[in-house]
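Worksheet: one structure, shown below.
All chains are named by letter (A, B, ...) in the order of the sequence lines, taking the proteins before the strands, and each is independently numbered beginning at 1.
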2 protein chains.
Amino acid sequence: MTSSEFMTEEGTGIIGSNAGRSRSHNRRVVLEFVRAHEPAGRAEIARSCGLSIQAVSNIIDTLQGEGLLRTVGHRAGMRGKPALQYQFNPDGAFAVGVEIRPDAMVCALLNLTGKRIFSRRKKLKDASPEKAVPAVTKLIAAAIEASGRDRKNLLGTGIVMPGPFGESGLSYSGAAVLSGWENINIKEEFEKALACPVIIENDATAAAVSERLAGTASEMNSFCFIYFGTGLGLGVIAGGHSQRGALGNAGEIGHIITEANGLPCPCGNFGCLETYASRMGAFAFLEKAGVNMDEGATLASLLEAQHPAMLEWIEGAAQHLSQAIGMVENLFDPETVILGGAMADVVIDALIEKLDLPKGSVANRPARNFPRVMRGSSGRLTAAIGGAAMIIHRTITPTVTVFH
Amino acid sequence: MTSSEFMTEEGTGIIGSNAGRSRSHNRRVVLEFVRAHEPAGRAEIARSCGLSIQAVSNIIDTLQGEGLLRTVGHRAGMRGKPALQYQFNPDGAFAVGVEIRPDAMVCALLNLTGKRIFSRRKKLKDASPEKAVPAVTKLIAAAIEASGRDRKNLLGTGIVMPGPFGESGLSYSGAAVLSGWENINIKEEFEKALACPVIIENDATAAAVSERLAGTASEMNSFCFIYFGTGLGLGVIAGGHSQRGALGNAGEIGHIITEANGLPCPCGNFGCLETYASRMGAFAFLEKAGVNMDEGATLASLLEAQHPAMLEWIEGAAQHLSQAIGMVENLFDPETVILGGAMADVVIDALIEKLDLPKGSVANRPARNFPRVMRGSSGRLTAAIGGAAMIIHRTITPTVTVFH
DNA sequence: ATTTTTTACTCAACTAACTTGAATTAAATA
DNA sequence: TATTTAATTCAAGTTAGTTGAGTAAAAAAT
């Protein structure tokens, strides 16, 4: 397998199709079907994908030759010749994800099925591009080495950084924002340093993609992910694809106003959701309530100790979150809203427990396949895993129409 | 030209590509390019669409043969052989749009360039499916007859009805809601009656598509449209395609809460945006202020007379709208937010004038191609025109991946 | 004024990838 | 044991895009 087989053509605007692009699209269509329905036989895939059995057969031969798919016995119990079943070959390829924060980097390796095969965290003294790019390069090299994988099976690297990217009115400075990255082409820098395809994405979108690849949303084509980072982000998957907006800054849910004339926010507004329902908001609330967080206490430990201030924060945050979730439901009509990110599971569960979702919502329908709100499944490595998931997602998920 | 050339394949999930589907995709790619850049020559199209000149040449020959494209002389002033320029042939095809309201139907015919070639409004005594479907059928037949068009050039019909569709917590009854349509397959009913392809869509989405086809947003791939109907709707175009959510109910912006514990809304919540910033909201406000609307006064006439209550309503509505627009900007990161629909232009302009948009928004960036908020361009026929625009949009805009 | 360069476009041969139909295999059912 | 059903393969056929040579026409250079 050469990595060029996965090269995504890039360009401005929508491009036409030809034999080669059809093949590349069909490879992804087959892979996407197998991801969602494995194990599956050739005839079954052909029927579902609108292709002839012969076409699917040829594609599967190739994919198997490349080590991406493998057989898992025959399907029994049905009439007719039993179908040879295929599934992902977990070791056929892998992807790297890196989360860059102002103070640290987290690196995770995922195999083709989205399972974590390695992860490592490293402090970052200087998060400027000049220092961070080489540091990330070194970290990845060490991670691949330690994982025992062959670099030729590397599909690419997904870099997760806090947005918003480019020029925007939210470029205030705060703990969550990286400085020095404003005027460089981040993707190009990393592609040069890493010599592999690179995707740059924000944490919330990466987390959403990760949930779809191998998490809570593996069967959904349309859902939203509320990401608890330092601030708060929203990742949106619609029609199986992440939605990034005109300039890649969609999903800035943290600065939605949920209380008119509420708490002041560094962004200049008052009453932003983020000032209530985020880790940052929690710390500010607890500090104001006189809780000393320096002695090793965490949000999770405070919650487990049923600390009154923590319970009070949960209550208030849940109220603001409920409002925001209602909004998201009415605007995006998702199959579900997933809560996750850099927040302990117990805290998220407590928040979900306390939610009081609006009745007047398109989501408040009797027949639902999933609850209105669910918890994410990838825990604290979510962002780094999400980065790698983006790469695998791009390898698998079909898109003929390419946008800028 | 046979209408089967435009038949969209439908199915569940993503389908593979083959020669025929490639051709169909490439036809759309060429048409979409010409729409956005007309007039254009073959070589120029080929370069931009990632196809060979020969492929584009063959497609253009076909499109010209079908009457969809026509030549408009040669491009002069450049070196080399002057390129033959192509543009849409306005009369090559047309589409019908129908807006169905509880008390009336509006029908509009658009030519291929999105220009209105005919429109007619008719009262509807009984908006039940049994009565309305035949009434619409008759109206369309009369409209086609009166426009002098040949039915064989009809691309299809777009029916615009107030959502939300299907089961949802917003199925309260109110003036804007049609009853009796809950448990029938609306698309099938109309396709049977009209014997042409049919799209069912809500007013906001249809209006958004219309703005992109031949309006304020003709060069945008990502924008939002806030539609003033009886209530309030949001149409979202992202990546050139309308976003409808998991069940087609995305964009219910009317029931976003912009004032905690505010005015009661029929949906069960308090403080919904719709109770302030919608026609319904305006009438309620004015009635409460003692303004008698029965004597032929309209929102526009009150505004022109600088009626204090009207000015007060504008002020309040603009405040709530500003909040909602800020939200929409932060969540979708659109190129612009367009305001339009069944509200007089002067009123919309007054609202825009009074907006106080949040500073903390990803949209508040110095370098913008468009203002943060703009007014829509299709006026009171917006919804019906939008229906027809949906059909033309589908004919033109490429999508290989087909979703359910 | 003539030649060169540049660009658009057409014709004909070529190729990649999907489709079709016949043949083969293997399990369940009659 | 024969029949039916379904999966898969083989080989030929089809569609549509690509490639390369050749023509046409305008601008720029000589």
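- Counting only N and O atoms by type, the side chains of Arg70(A) and Gln64(A) include no donor and acceptor under 3.5 Å apart.
- Which of dT10(C), dC18(C), dT19(C) sits closest to the side chain of Arg42(B) comes down to dT10(C).
- At a threshold of 4.0 angstrom between heavy atoms, the contacts of Ser57(B) are confined to the sugar-phosphate backbone, with no base atom among them.
- Between Tyr86(B) and Met78(A), the residue anchored nearer the 5' end of DNA chain C, judged by the nucleotide with its closest heavy atom, is Tyr86(B).
- Here Asn58(A) lies out of heavy-atom contact (under 4.0 Å) with every strand.
- For Leu51(A) and dA16(C), the CG to P distance is 19 Å, given to the nearest whole Å.
- Checked options Leu112(A), Asn26(A), Leu63(A), Ile59(A); the residue passing with Leu31(A) is Leu63(A) (criterion: side-chain contact (heavy atoms from CB on, under 4.5 Å)).
- For the pair Arg75(B) and dT7(C), the criterion of a side-chain N or O lying under 4.0 Å from OP1 or OP2 is not met.
- In this structure, NZ of Lys81(B) is placed 5 Å from C1' of dA8(C), rounded to the nearest angstrom.
- With Arg368(A) contributing its side chain and Glu335(A) its backbone, the two residues share a donor-acceptor pair below 3.5 Å.
- Put simply, CD on Gln54(B) is 12 Å from C1' on dA8(C), counting in whole angstrom units.
- Atom NE2 in His25(B) sits about 15 Å away from atom P in dC18(C), given to the nearest Å.
- Between Ala19(A) and Glu44(A), the residue whose closest nucleotide on DNA chain D is further toward the 5' end is Glu44(A).
- Judged by distance alone, the side chains of Glu211(A) and Ser377(A) do bring a donor and an acceptor atom under 3.5 Å apart.
- Here dA17(C) presents its P atom at 9 Å from CG of Asn18(A), a figure rounded to the nearest Å.
- Counting to the nearest Å, the C1' atom of dC11(C) and the CD1 atom of Ile53(B) are 14 Å from each other.
- Interface remark: the Arg79(A) side chain does not form any donor-acceptor pair with the dT29(C) base, using a distance-only criterion of under 3.5 Å.
- Between the side chains of Arg212(B) and Asn221(B), at least one donor N or O sits under 3.5 Å from an acceptor N or O.
- Between the Ser24(B) side chain and the Gly20(B) main chain, no donor and acceptor come within less than 3.5 Å of each other.
- Each of Gln85(B) and Arg23(A) was matched to the nucleotide of DNA chain C holding its nearest heavy atom; the match closer to the 5' end belongs to Gln85(B).
- Residues Asn58(A) and Gln54(A) bring a donor and an acceptor atom of their side chains to less than 3.5 Å of each other.
- When DNA chain D is scanned in the 5' to 3' direction for atoms under 4.0 Å from non-hydrogen atoms of chain A, the outermost contacting nucleotides are dT4(D) to dT18(D).
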